Protein chains: 2
Amino acid sequence: MTEQDNSPFSDAERANRHGAGCDPAKRNQIMVGAKRAFMERGFDAAGVNDICQIAGISKSTLYVYFDSKEDLFEAIIEQERDRLFLGMAEILQSGDTPEKVLFQFGTKIAEIICSPEVVQAQRIIIGIADRMPELGARFFSGGAMRAQVDLTNYLKRKVATGHLAISDIPLAAAQFIELSIAPLWKPRLFGKMSTLPSDHDIEISVSSAVAMFVAAYGNGTT
Amino acid sequence: MTEQDNSPFSDAERANRHGAGCDPAKRNQIMVGAKRAFMERGFDAAGVNDICQIAGISKSTLYVYFDSKEDLFEAIIEQERDRLFLGMAEILQSGDTPEKVLFQFGTKIAEIICSPEVVQAQRIIIGIADRMPELGARFFSGGAMRAQVDLTNYLKRKVATGHLAISDIPLAAAQFIELSIAPLWKPRLFGKMSTLPSDHDIEISVSSAVAMFVAAYGNGTT
DNA sequence: TGCAAATCGCACCGATCAGTTCGATTTGCA
DNA sequence: TGCAAATCGAACTGATCGGTGCGATTTGCA
């Protein structure tokens with residue numbers, strides 16, 4: 001698998017010289033270039049030679065840092081997955097009303113999920129889900145599914161404090177997320193909508209999602 | 001296995017001589033085999049030789065009937081797309097209450113969209129959406145989007161007769177469809193849920209979708 | 001500066017695959 | 001039955017691509 005550099009560098013070593021395939025800067029350089037190549041052309045169409053050219057490294061070096069093209073792709077996906085959903089959980093710590101919190105949460109998730117990079121990544125992952133089934137499942141678990149779990153926990157708190165009345169809370173969380181991206185994501189994924197949805201589009205979708213959610217699960221006091 | 005010779009053609013049709021690449025039975029035979037190959041292995045992994053073997057025809061003949069592998073794939077998708085959404089519109093002609101109609105509609109669409117064949121087709125199409133952007137858009141327009149248009153028209157009628165109160169009707173249609181498949185489709189697509197959702201799973205999802213929809217857009221009389 | 005390690009550059013391998021060619025074979029109408 | 005058209009089958013083409021091997025070059029510490 002990936003060379004998860006378990007080698008403990010001494011301070012002296014870390015400064016400049018690294019073992020073969022152990023320079024984090026070079027590793028990052030490869031991943032940045034490969035990410036661009038994959039995003040622009042897809043997994044199959046992006047050749048290893050293209051990747052090397054874009055990243056500005058030699059093929060020999062690439063294969064010192066990564067075992068295979070698939071290995072490289074996995075490393076990129078895992079990194080991006082974590083990066084994208086970073087600020088997600090914080091929104092749910094706010095003390096605002098559920099309406100406001102849900103609106104912010106829905107907006108954020110719609111922005112992420114419908115962004116060109118994420119849509120492209122999703123396309124690639126879905127397309128090779130047969131060849132690399134574990135990767136698809138992990139991407140989903142660490143991305144959209146994790147957001148759903150976070151939202152579930154938030155909703156549980158709001159139910160406990162009587163702000164919301166929900167019987168099946170995980171289902172409600174999934175519903176809200178799908179509602180937030182309802183008219184946007186699927187067309188994006190299939191290429192029917194080629195341009196990024198505007199802030200206004202997202203606002204319409206998310207505010208309607210919040211309204212619907214509150215109509216169904218609100219207790220009338222908000 | 002390969003010979004699908006119980007074809008539904010009359011003796012007259014079948015006995016006739018056809019021009020090269022003009023025998024509908026042979027064309028169908030190719031498409032049946034190719035469909036199996038594509039579904040089992042995906043677009044790239046399914047080789048033309050595999051397709052020929054499964055279909056029980058020679059490569060030469062295949063290229064008499066279809067210009068390319070992509071051409072063949074398109075023909076299959078267009079055919080399947082129409083077949084799957086066949087009984088969809090009829091449900092919306094029922095005189096039942098909106099709750100019942102929506103429940104039937106949601107159940108049907110969830111069954112279709114989450115079925116193994118459709119999920120696999122969606123994966124393939126999404127995966128090659130970059131190479132064949134038109135196909136993805138057409139597949140979406142003729143499939144899920146058409147269902148959404150049908151539902152929009154139904155909802156318009158119900159709004160006109162005062163059964164429902166909706167401001168943005170196309171948005172509401174999209175919302176209902178997404179709600180119906182909310183906890184099911186995405187995990188299926190990413191390979192997180194490898195087995196077909198049970199009737200019970202679908203019922204839970206759809207009935208909750210209906211309840212939510214009525215809570216948001218009902219006028220209280222139903 | 002010298003030396004060893006890391007990286008580079010590039011040819012090369014082996015495999016795959018879409019699509020073509022063409023002679024052999026089957027099919028079905030007259 | 002004869003003949004022409006449709007189909008078969010299998011070799012072949014041309015190109016792509018992931019991955020390897022190895023000598024040349026650069027890098028950075030001693």
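Quick caveat: nothing in here was measured; it's all calculated off a predicted structure. So that the names make sense, note that chain A is the first sequence line, chain B the second, and so on, each numbered from 1.
- Residues passing the side chain to side chain donor-acceptor pair (under 3.5 Å) test with A:D201, sequence neighbours excluded: A:S198.
- Phosphate proximity of C:dT7 to A:Y65: present, with a side-chain N or O under 4.0 Å from OP1 or OP2.
- Partner A:I126 forms a side-chain contact (heavy atoms from CB on, under 4.5 Å) with one of B:L189, B:V119, B:I124 and no other, that one being B:L189.
- One finds a side-chain N or O of A:K26 lying less than 4.0 angstrom from the OP1 or OP2 phosphate oxygen of C:dC8.
- Every residue two or more places apart in sequence or in another chain that forms a ring pair (Phe, Tyr, Trp, His ring centres under 6.0 Å) with B:F139 is listed here: A:F190.
- A stem is defined here as three or more consecutive Watson-Crick or G-U pairs, each with both distances under 3.5 Å; for DNA chain C these stems are C:1-30 with D:1-30.
- Contacts between residues 43-56 of chain A and DNA chain D, defined by a heavy-atom separation below 4.0 Å, involve A:A46, A:G47, A:V48, listed by number.
- Among pairs with a residue in residues 107-116 of chain A, none fulfils side-chain hydrogen bond (donor to acceptor under 3.5 Å, both in side chains), at least two apart in sequence or across chains.
- Residues from residues 29-41 of chain A that place a heavy atom under 4.0 Å from any atom of DNA chain C: there are none.
- A:Q104 pairs by the side chain to side chain contact (heavy atoms under 4.5 Å, CB included) definition with A:I91, A:D96, not counting sequence neighbours.
- Shown here are the salt bridge (charged side-chain N to carboxylate O under 4.0 Å, His left out) partners of A:E80, two or more places apart in sequence or in another chain: A:K35, A:R83.
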Which atom pairs, donor and acceptor, lie under 3.5 Å between side-chain atoms of residues 45-56 of chain A and protein residues at least two apart or in another chain?
| residue | atom | partner | partner atom | Å |
| --- | --- | --- | --- | --- |
| A:N49 | OD1 | A:K59 | NZ | 3.3 |
| A:D50 | OD2 | A:G47 | N | 3.0 |

Find every protein N or O atom lying less than 3.5 Å from an N or O atom of nucleotides 12-15 of chain D, and list the pairs.
none

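- Contact between the side-chain N/O atoms of B:T61 and the OP1/OP2 oxygens of D:dT7 is not found at any separation under 4.0 Å.
- Where A:S60 and B:S60 meet DNA chain D, the nucleotide closest to each residue was compared, and B:S60 sits on the side nearer the 5' end.
- Here B:F176 pairs with B:F213 under the ring pair (Phe, Tyr, Trp, His ring centres under 6.0 Å) rule; sequence neighbours left out.
- Evaluation of the side chain to side chain donor-acceptor pair (under 3.5 Å) rule for B:S60 yields no partner, not counting sequence neighbours.
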